[in-house]
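What you see is a predicted model, and the numbers here were worked out from it, not measured in a lab.
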Amino acid sequence: MDIDLDGAGAGATDDIDAPFSASPASASGSLPAVLSELAALHRRASSSPVSPSLSLPSITYLSSAPAAVASLFPRLSAAGIPVSSLLPPLEASLSAHPLPAAVAYLRLLLAPASPLLTLFSPLPFLSLLLAIRKAASSSAGAANPSSGSGGGRGNPRKRKNQRHQPAAAPQAAPSLLPRALSLLADAAGRLQLRAHPDARRSLVDTAAELAAFDVLAAVLGSDYHAEAVQDVVRALAPVVLSGTKSTARVAAVQFLVTKLVPLGAEEGEDVVRKAVEYLPRYLAVKAPDKAEARALAVEAIVEVARALGSEEREGFAGYVVAMSKGKAKGRLLAVDLVLAMLPVLLPSDRDDWDLEEGSWGLKFFRVLVERCSDSVGGVRARALTNAAQALDVLSERGVEVDRLQEVMRTGDMGLGELLRRRCTDDKAAVRKAALVLITKAISLIGRPVDESLLCAMGAACSDPLVSIRKAALVAISEVFRKFPDEKVMKEWLQAVPPLVIDSETSIQEECENLFLELVLNRICQSANLNPDDDSIKLEDVFPEGTLDLLKSICDGEIAPCIKKICASLGKKKKLKPLLASSLQNIITISESLWLRSRKPIETWTAPIGSWWLLSEVSSFAPKSVNWKFLSHHWKLLDNVGQDDRGKACSQVEPNSALWAVNRVSLLQTISNVSMELPVEPAAELAHSLLTRIENFDMNLSEVDAHVKSLKILCKRKAKIAKEGDALILKWAQQLIRSAVDILDQYIKETSESARGHSFVTPVSSKSRGKKMTSASKSTSEAVIAVFTVGSLILACPTANVKDITPLLHTIITSGNSELRPKNLVGGTISFKELAPSLYIQSWDTLAKVCLVDDKVAKRYIPIFVQELERSDMATLRNNIMIAMADFYVRYTALVDCYMSKITKSLRDPCEVVRRQTFILLSKLLQRDYVKWRGVLFLRFLPCLVDESEKIRHLADYLFGNILKAKAPLLAYNSFIEAIYVLNDCTGHGAYSESQGSSDRRPALFAVRGTDERSRSKRMHIYASLLKQMAPEHLLATSAKLCAEILAAVCDGLLSVDDAGGRAVLQDALQILACKEMRIHPNICTDNSEMDEEGGEGGGTASALLAAKGRAVTQVAKKNLIQIAVPIFIELKRLLESKNSPLTGCLMECLRALLKDYKNEIEEILVADKQLQRELLYDMQKYEAGKGKGKAAAEFEAGPSGTARSPARQTPAGAAAAKVDASARATVRSVLKEVNRNTPTPPLHSMSVPKVKSILGTAGPGSRRPGVLESVQRLQPFESDDEN
């Protein structure tokens, strides 16, 4: 803007005395107008203490005309107006017109002839900075209108009105703000702010808030920079440590690195050098707690530390090491800083010295290893994660494995032991981090892999959390890939294949892919192998571990899972035909090497597992299986089987069982490829199978395979389906008739032999031997016949079983006069004693008949239940239990009434029967055939403390995973009843229902006893149930314990004179005092203890959980005061009147409950001063005991072998004496209170709710007890699955 200074000066004297309101030039914004306005304001200042602001045209003129401003001061001097008169109107203008006035003020300060000492004042300068801040915030609000209260979709009318408003004048503010900041940067270097610390701090804060780094640079370049360095660090720390990624944060970090840190050079001032040296430490102290914000803070701190000199950098490294031994927050940050600083401190040209003794690399790595055993779960998890990344850094630098193994050792604990402990940690994040470290540190573990570590990884594969199961799957697979040893292979097969039935689909797919890679693909490597001419041993021909893999995969426990994996891979067309070729090649080479060694073929067996795996994969690659190969081995195996069947039992070769298993697998393979078989060989094979079955001389394990193979051959080779079904029915009826004839003949011969045994002339020993052999053969034939009938019934349900059912009835009721008439054949003998195997097989076959014939099922299911209860044969009870599970699926309504009798098998003396019952009932519960109601839940509880470790493991998984998800409220709703049932106490109203009116053994499912072992078992059950409850359920459970047990004792509804009542009360007190029942503010966020490493929304969810925990804690305290304490006071009075030994248990429970309210005990126990003193005394004695133990431990921790002189014992003795003196004083005060004969006041005299019970009436004619009003308002937590 060009101004005519000469013209303006000519008319200045004429108009200078004119009043401001009458000045015609005031609207033009010229220099004369400004001078005229200043003169008027100066005259007014003598009469009015408050100065008005300059007009907007004058301010605009001064802010936009730097040349005119330069001539302003001489004109003011010529007109006799002091420069100081500019300050009041300018300060007032900063409020009226913030940004233009700020620019005008800055131009006045920067003018060439500006009198800074006169024009600058701290208060106007602070107003200037405030005006710039306001202008910046208003411009930001205008740029983001939706961020304000009027944005969004709030009020459409308001938006309409705003739309028609004229544009506001401050629209020019955004263009003035950069000019103001530029002028402020120029002024910052010229102003003498050393004597004005408040103005200096405000200037630095404003520049940091507006990200005006040129202003900060000017401050650091001024002559007062030494005083301003600390202000700059303090102002920029919040920007640098902000939890969001922004350009301002990046620029702030760069400013510290490029502008501030160089000031700390050696030639700089001591104050500045110290400030720069302590800069990263200051940032570390101010670092935030949240994971994402902490990561950004670590990144910024490392950038600053990288810019420091070597001496300052090492000083900060020492500070980080010291911080790793401080408070939890500092340890967590130190663990992150150690990893980020490691590449900075490691020398770049001396790789061999990275971990030498005394180096920072070694110190930092040891910090990570030590923090892996930290007391805080979040620190442990972070240290393990960072250790895994540090291993990558050191491995890339070529550090030797032996050196890393040595560094990872802490004391006597090596890497394997450390990882094992962390894999079983109680914090989920720690377990996951340990598994990740295993994956990274696989080369450090070395051979042989620690067995306990393998077991820990295997256990992690069944962890409740999906992320941990995934990490464990990857970790143990990496170990197996690196070290395919026998132990590793065994543990891998026990842990990974069962994950194919995991609820998480991604885990199932990963399990299948790993099995394909690590097992099946290894076997495929044997497809094209040929043995050398001098090869004799089979292990020398195939790759290492191939035969061991085949042997391990057919293990009985994991075989069903591997079957499912193969079926799933086959459906997805991932099974290569090469796999079937490899298995055939393995079998063929094995036979060739056996014949090459000139051994008889009758003693040869194929590698274990080869036939079994071929039978599983052949159905998905039928064209890859050679018929000549199958025909050759069928003839070989079948001939050997006939030879075995022709020998006596004592002459059968030891490997005949393997031949039988291989024949079953071979038949399964033939069935799978039957569509590819030629017609004539198929018909010949079918005839051969039928002949073998009709002979009734096979091993029982082969019968099902023969029947199934014959059925498949008939169905696939028939022209139409009806023709195949008719053919199957024809030979099935033929075989059943043959079996009926054999069984009927056997029963008659056995009956006649038993009836005429007393009148037969004694025979010689030779004749007796022949007769026994003949009887044994006929019994074996009868057993096979009965078993064959069962297989035929399942293969052909339409077959006629009218003839076989009476014979089976005769066998199962033989010797039992209650179940059958005496005139029937076999009525006077007991097949249970004569032929136990026939007796058991008859029950099994009859169960199969019941599955296909509902009329027979209605007649015989009660007999099955009766035999399950009374049988003394564990094998039979096990088989009947399996049959009952099938009956439950087929005839649910018919079997449901026998559930109370079926569940008794959970307490069977045989472990196999108990485990089978538990598994079968668990499956029925998961499939909703059985509901969690009545006695079922209570009868499952003792399985948690079963003598068998396998059953305990299954029970823990059922209650901790399946039940928690399927019926989360069941543990809460049945908790009180479980206490009564486990103690076999009849004081509970629902006890008779839970035990059953017909149950003659009420203590069968109880864990009675006051000994330590029984109490610990019950407490384990209670703890398992409490772990499933949410905090609000724990709170309600504690109220129910007080109301239904403690209050019942006070009201006389539960007697403590008998053992059952005492046990229930003692259990209730121990439950209230146990750690699982205690509710803390952080109970809801316990899993995220300082390790909220989650994704987006994690902070909000954590805050909500924390708020929930605080609310629950407040309600718990209120319930303790209003419900629990009055009941405890009354109960204490009752127990003292009876001199009950449970008084000590009650006091211990109260001590545990009130431990967190030490400062409020007087308020809580205001109704009973004596109890208050006794509790204080007990707590003091308890703390004294802890203090003595700690002092003794510190004393024992002295140097070994040194003499313990009295002088050495003085500190511990003094501490103990001090504690004892305090305890004695408390005892005296308690005794003094007792000697005053002031007993505990009765409950009715206290101003508290009256204690009543909710258990119902105590008996006929007795009064109905009421309820505490606060307990009465408790609503039950209902669900659809339990009532």
Side-chain angles (χ1 to χ4, degrees), residues 335 365-392 394-395 401-496 498-499 514 949-950 952-953 956-957 960 1087 1089 1091:
V335 166
F365 202 77
R366 281 180 176 168
V367 166
L368 290 177
V369 176
E370 290 174 0
R371 291 306 102 205
C372 289
S373 302
D374 196 275
S375 59
V376 177
V379 180
R380 293 197 301 272
R382 199 64 191 162
L384 289 165
T385 304
N386 291 349
Q389 300 182 34
L391 285 176
D392 286 343
L394 295 174
S395 300
V401 173
D402 295 340
R403 181 57 177 160
L404 289 175
Q405 288 178 338
E406 181 182 350
V407 173
M408 291 292 287
R409 176 177 295 275
T410 56
D412 297 334
M413 183 172 60
L415 176 61
E417 177 64 16
L418 173 66
L419 293 174
R420 184 196 66 79
R421 293 185 182 181
R422 298 288 78 85
C423 284
T424 56
D425 198 277
D426 57 342
K427 296 296 182 182
V430 179
R431 299 196 297 272
K432 181 178 179 181
L435 294 167
V436 173
L437 179 56
I438 291 175
T439 307
K440 298 287 185 179
I442 187 63
S443 59
L444 302 181
I445 296 176
R447 290 188 178 182
V449 182
D450 186 48
E451 190 170 353
S452 59
L453 177 60
L454 286 174
C455 293
M457 286 189 287
C461 289
S462 58
D463 195 274
L465 298 180
V466 175
S467 59
I468 296 180
R469 294 202 298 274
K470 287 182 178 179
L473 181 64
V474 174
I476 196 171
S477 299
E478 187 64 27
V479 174
F480 183 36
R481 189 180 288 111
K482 186 74 175 181
F483 307 122
D485 300 336
E486 184 178 356
K487 290 182 179 180
V488 179
M489 180 191 306
K490 181 179 179 181
E491 188 62 38
W492 188 89
L493 289 173
Q494 292 291 334
V496 175
L499 292 176
L514 287 171
E949 184 180 359
K950 292 183 178 180
R952 292 198 303 270
H953 179 72
D956 288 336
Y957 185 79
N1087 287 336
E1089 177 188 280
D1091 56 358

How close do [X] and [Y] get, heavy atom to heavy atom, and via which atoms?
X      : Y      : result
Leu499 : Cys461 : CD2-O, 3.1 Å
Ala433 : Ala381 : CB-O, 3.3 Å
Ser477 : Leu514 : OG-CD1, 3.1 Å
Ala472 : Met457 : CB-O, 4.0 Å

Calculate, to the nearest 0.5 Å, the distance between atoms [atom1] and [atom2] belonging to [X] and [Y] respectively.
X      : Y      : atom1 : atom2 : value
Leu454 : Lys490 : CG    : NZ    : 11.5 Å
Arg382 : Cys372 : CZ    : SG    : 12.5 Å
Glu491 : Cys455 : CD    : SG    : 5.0 Å
Thr439 : Ile476 : OG1   : CD1   : 10.5 Å
Leu418 : Leu437 : CG    : CG    : 7.5 Å

Just jot down the side-chain contact (heavy atoms from CB on, under 4.5 Å) partners of Ala471, sequence neighbours excluded, or say none. Lys432, Leu435

Checking Glu417 now: which residues fulfil side-chain contact (heavy atoms from CB on, under 4.5 Å) with it, not counting sequence neighbours?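 side-chain contact (heavy atoms from CB on, under 4.5 Å) list for Glu417, sorted by chain: Met413, Arg420, Arg421.
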
I need the full list of ring-ring contact (aromatic ring centres under 6.0 Å, His included) pairs touching residues 448-481, with sequence neighbours left out, sorted by first then second residue.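 Non-adjacent pairs meeting ring-ring contact (aromatic ring centres under 6.0 Å, His included): Phe480-Trp492.
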
With sequence neighbours left out, write down each residue that passes salt bridge (Lys or Arg N to Asp or Glu O under 4.0 Å) with Glu451, or none if nothing qualifies.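 With neighbours one apart ignored, the set is Lys487.
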
Using salt bridge (Lys or Arg N to Asp or Glu O under 4.0 Å) as the criterion, list what pairs up with Arg481, not counting sequence neighbours. Glu478, Glu517

Under the side-chain contact (heavy atoms from CB on, under 4.5 Å) rule, what do Asn386 and Gln389 come out as? Steps first, then yes or no, please. CA-CA 5 Å; Asn386 291 349; Gln389 300 182 34; 4.2 Å; yes

So among Val379, Asp374, Leu384, which one has a side-chain contact (heavy atoms from CB on, under 4.5 Å) with Val335?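 Testing each of Val379, Asp374, Leu384 against Val335, the sole residue satisfying side-chain contact (heavy atoms from CB on, under 4.5 Å) is Val379.
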
Taking side chain to side chain donor-acceptor pair (under 3.5 Å) as the test, write out the residues that go with Thr385, two or more places apart. none

Not counting sequence neighbours, which residues clear side chain to side chain donor-acceptor pair (under 3.5 Å) with Thr424? List them please.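 So Thr424 forms no side chain to side chain donor-acceptor pair (under 3.5 Å) with any residue.
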
Considering only heavy atoms from C-beta outward, does the side chain of Ile438 approach that of Leu453 to under 4.5 Å?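 They are in side-chain contact.
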
Can you list every pair that meets side-chain hydrogen bond (donor to acceptor under 3.5 Å, both in side chains) and has a residue in residues 457-471, with sequence neighbours left out? Arg431-Asp463, Arg469-Asp502, Lys470-Ser506

